[in-house]
Every structure is written in structure tokens, then in C-alpha cells.
**Q** 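Dropping the structure in here first, questions after.
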Amino acid sequence: MRGPALDELKQQIPLLNYLHAHDWQPTRQLSRGRLMGLCPLHCDHKPSFLVDPSKSLFYCYGCGRGGDVIRFVQDYHQVQFLQALTLLYQWRGLAPLVHEAAGFYRMLLHRHGEAVEYLHQRGVRSPELVEHMRIGYAHHGGLRSWLMQLGHPLQALRQSGLVTAVGYDAYIHRIVFPLESNLYGRSISPAAPTHRFLPGSKGGLYAWEQVRRHPEVILVEGLFDYAVLWQAGFYNVTCAMGNHLNGHQYRQLCDSRRTVYLAFDADPNGSGQQAAQSLAGRLQQRGVNVRKLSLPDGHDPNSFFVQGGTARQFQSLLEAAQP
Ligand SMILES: [Zn+2]
């Protein structure tokens, strides 16, 4: 790749946009529009991460890293230069689409009783939670024409996976949760496959920027587990969207000294507990403190709360958790 193409890519993806999309928020404004906030690249307790939006450059006074958006992607995802470029090209194509699709689905949520009903069944009641997770609903089509009206070519919609090869909306009758650069859809109809993601990586741990500063973190399998815990006041919860972590998620958990509580499903076939066991072993080798929760048989954190479990009872489970 030559210089002009690189410059064009960097122009199209301002560093600040990329940071915002990865949940970074400045904590204060400095002179000449520069911003200061917590560093996403190391375990930062007081803001040491400086961003100059006009130059699209960053520098961290804590870990000493600095550079442009490509350098940031290399450090953030721990990848080489060329892989960082690939990630940026993917993100450039996908991010605006995912963002707009998520907005469309959010508009639909409260227009469809079956969606709200389903959320209630899964214990999701607080409007703050719906807002915090930006929960939406994919009803029966409509996204394709909405996005095309906004000027996105059909070809791009197909490539993103939001629209199928034959031109239908890929998400139908699903509760939708926007992720970093993907979209998770949970079917509310038993006839369809339960889980759906767009092609490509599911990304890092859910809401990690808000969680990583906590010395104790609760890791769950599913976003509905995340939802009920957050609603019950456990703001140090994060989610891997499955019980198998990808490399990026794994490195996130290891990036500083912390205690990780694994609250995986206690499902009858034992797969959640097996996954917790093997993850615990790998994390402990890396010096992470791990505690495994024992939920009542057959439960996951979601069903625990849905069936009347309280924050205090869950707190007792955390306190009783074993290495
Ligand atoms: Zn740093």
C-alpha cells in the first residue's frame, strides 16, 4: 500500500470517531480542542490519554504509546500493521451501516408489543437499561429500503450481512443489540436459529471501556445475563457473547491485575461449566485471579433473576465463588 491510499484511509476514519465507536469518552477538554481521558491501551486510573482531533493523533503519558489511528488499532487489537489496515477497511465499511441499522431497530422496539413482551419475559424492564444497551427490534423487513433511502447501495448492504444474498433483511423477529462493529440478534421465535451475528468478528468484551477499571469483573455468556445483572446494580459486568473467548477478549481480561468472576451457565450438559473450567485455568496461568460461580442447577444469571433471585442472593453467590 502506498502513501496516498493510507492518507485517504486516515482521512476517512478520524481517530476520534474510531475512539468514540469503541466507547472512549474524554474526561476533560484542553486548549486547542485537545481531549484527555482514560487510556484504552493500558489499565489507567487517572486520565493520561491525550487526543488531538485536529491532527488525529494520540499520546499516552502513562504507557508512552502514541501515533495515528493505524497505530492505535495495532496497539488496541494487538495486531501487525497490515492486519490493522484490514480491520480499518472492514470497520469503515461496516460501522456506519451497523450504526444506522441499530438506530432503525431501536425506533421499532416500542411499536411492537411482541418485542416488549419478550423483553419482560427475560427480565428486562428498566428504560435506563434499554437505553444503556441501545436495544432494538428487527420486525419483518424494512431495513433494506430504509438504508437504501439513506443512500447505501444494495451491494454494500449485502456485503455487510444485514441483507441476504437474495435481498431480504437478515434480521427478522429478533431483539437486536449493537456491538462494537457487529450486531447481535436474539430470535424471539423458536422456529429460527437462536443467535445471529453479522459475518466477521464479534469484537471485544461487551462494554469493556466501562468495566475495565473495576478491580473485580463479572464475566457472563449472554447479553440477557448482562442485562439483568446491570439492572440489578452490578455495573462491573461484561459479556463474551458465548462461552468461548476470542483472542482479543482474552487479552482484555489479562491486561491488568484483576479478579474475574466467571458466571457461566449451569446447563444440564455441563458445557458452560467446562468452558469456565478451561478458561479459569488459562487465566490463572496469566496471573489473573479467577473465581467460578456456582449457580443453581439448570440456571444462568438471566433465569436466576427472572425466577425471583435478588441482587443480595447473587452477591452471596459471588462471595461463595471458588477459584
Ligand atoms: Zn496508556
Side-chain angles (χ1 to χ4, degrees), residues 6 9-92 95 179-182 201-219 235-240 245-260 282-290:
L6 279 185
L9 180 68
K10 288 196 270 186
Q11 253 171 32
Q12 286 169 340
I13 308 179
L15 175 65
L16 191 59
N17 290 16
Y18 192 83
L19 290 170
H20 281 329
H22 290 77
D23 282 339
W24 185 80
Q25 295 296 339
T27 51
R28 66 199 164 92
Q29 189 134 20
L30 307 179
S31 61
R32 300 195 300 279
R34 292 169 310 155
L35 304 164
M36 202 71 174
L38 289 169
C39 175
L41 304 175
H42 81 279
C43 189
D44 202 4
H45 297 288
K46 59 178 196 319
S48 42
F49 189 77
L50 177 74
V51 177
D52 188 334
S54 66
K55 298 187 178 128
S56 264
L57 293 173
F58 72 96
Y59 180 74
C60 175
Y61 291 96
C63 62
R65 295 182 174 97
D68 59 14
V69 67
I70 302 170
R71 183 73 244 171
F72 181 80
V73 171
Q74 284 182 261
D75 290 338
Y76 187 75
H77 296 284
Q78 300 189 2
V79 295
Q80 305 287 321
F81 181 76
L82 286 177
Q83 215 180 335
L85 290 186
T86 308
L87 287 175
L88 279 169
Y89 277 114
Q90 278 170 358
W91 189 82
R92 180 186 64 181
L179 311 175
E180 262 174 26
S181 58
N182 206 314
S201 166
K202 61 187 172 181
L205 292 167
Y206 189 78
W208 184 242
E209 277 311 305
Q210 293 151 42
V211 173
R212 61 194 296 254
R213 273 159 271 149
H214 292 273
E216 299 187 333
V217 165
I218 306 168
L219 177 68
Y235 301 123
N236 58 334
V237 60
T238 185
C239 171
L245 273 65
N246 62 33
H248 179 42
Q249 294 174 331
Y250 179 70
R251 286 191 298 268
Q252 286 177 317
L253 279 185
C254 297
D255 74 0
S256 81
R257 292 214 160 269
R258 60 170 62 88
T259 300
V260 177
R282 289 164 63 208
L283 288 171
Q284 274 153 354
Q285 280 175 10
R286 294 283 299 269
V288 179
N289 249 320
V290 183

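Positions are given from 1, in the same order as the sequence printed here. In each ligand, atom 1 is the first atom listed, and ligand 1 is the first ligand listed.
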**Q** Identify all side-chain donor-acceptor contacts of residues 206-218 below 3.5 Å with residues at least two apart in sequence or on another chain.
**A**
from: R212; atom 1: NH1; to: C39; atom 2: O; distance (Å): 2.6
from: R212; atom 1: NH1; to: H42; atom 2: O; distance (Å): 3.3
from: R212; atom 1: NH2; to: H42; atom 2: O; distance (Å): 2.7
from: R212; atom 1: NH2; to: D255; atom 2: OD2; distance (Å): 3.4
from: R213; atom 1: NH2; to: E209; atom 2: O; distance (Å): 2.7

**Q** Between the side chain of Q285 and the main-chain N/O of R282, is any donor-acceptor distance below 3.5 Å?
**A** no
**Q** What is the ring orientation for H248 with H77, classed by angle as parallel under 30°, tilted 30 to 60°, or perpendicular over 60°?
**A** tilted
**Q** For R71, enumerate each residue passing the salt bridge (charged side-chain N to carboxylate O under 4.0 Å, His left out) test, keeping only those at least two apart in sequence or located in another chain.
**A**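 R71 satisfies salt bridge (charged side-chain N to carboxylate O under 4.0 Å, His left out) with D75 once adjacent residues are dropped.
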**Q** Around the Zn ion (ligand 1), list the protein N/O/S atoms within a radius below 2.8 Å, excluding water molecules.
**A**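 Near the Zn ion (ligand 1), the protein supplies C39 SG, H42 ND1, C60 SG, C63 SG.
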**Q** On the 0 to 90° scale, with breaks at 30° and 60°, tag the Y61-Y59 ring pair as parallel, tilted or perpendicular.
**A** perpendicular
**Q** List the residues meeting side-chain hydrogen bond (donor to acceptor under 3.5 Å, both in side chains) with R251, not counting sequence neighbours, and say none if there are none.
**A** Q78
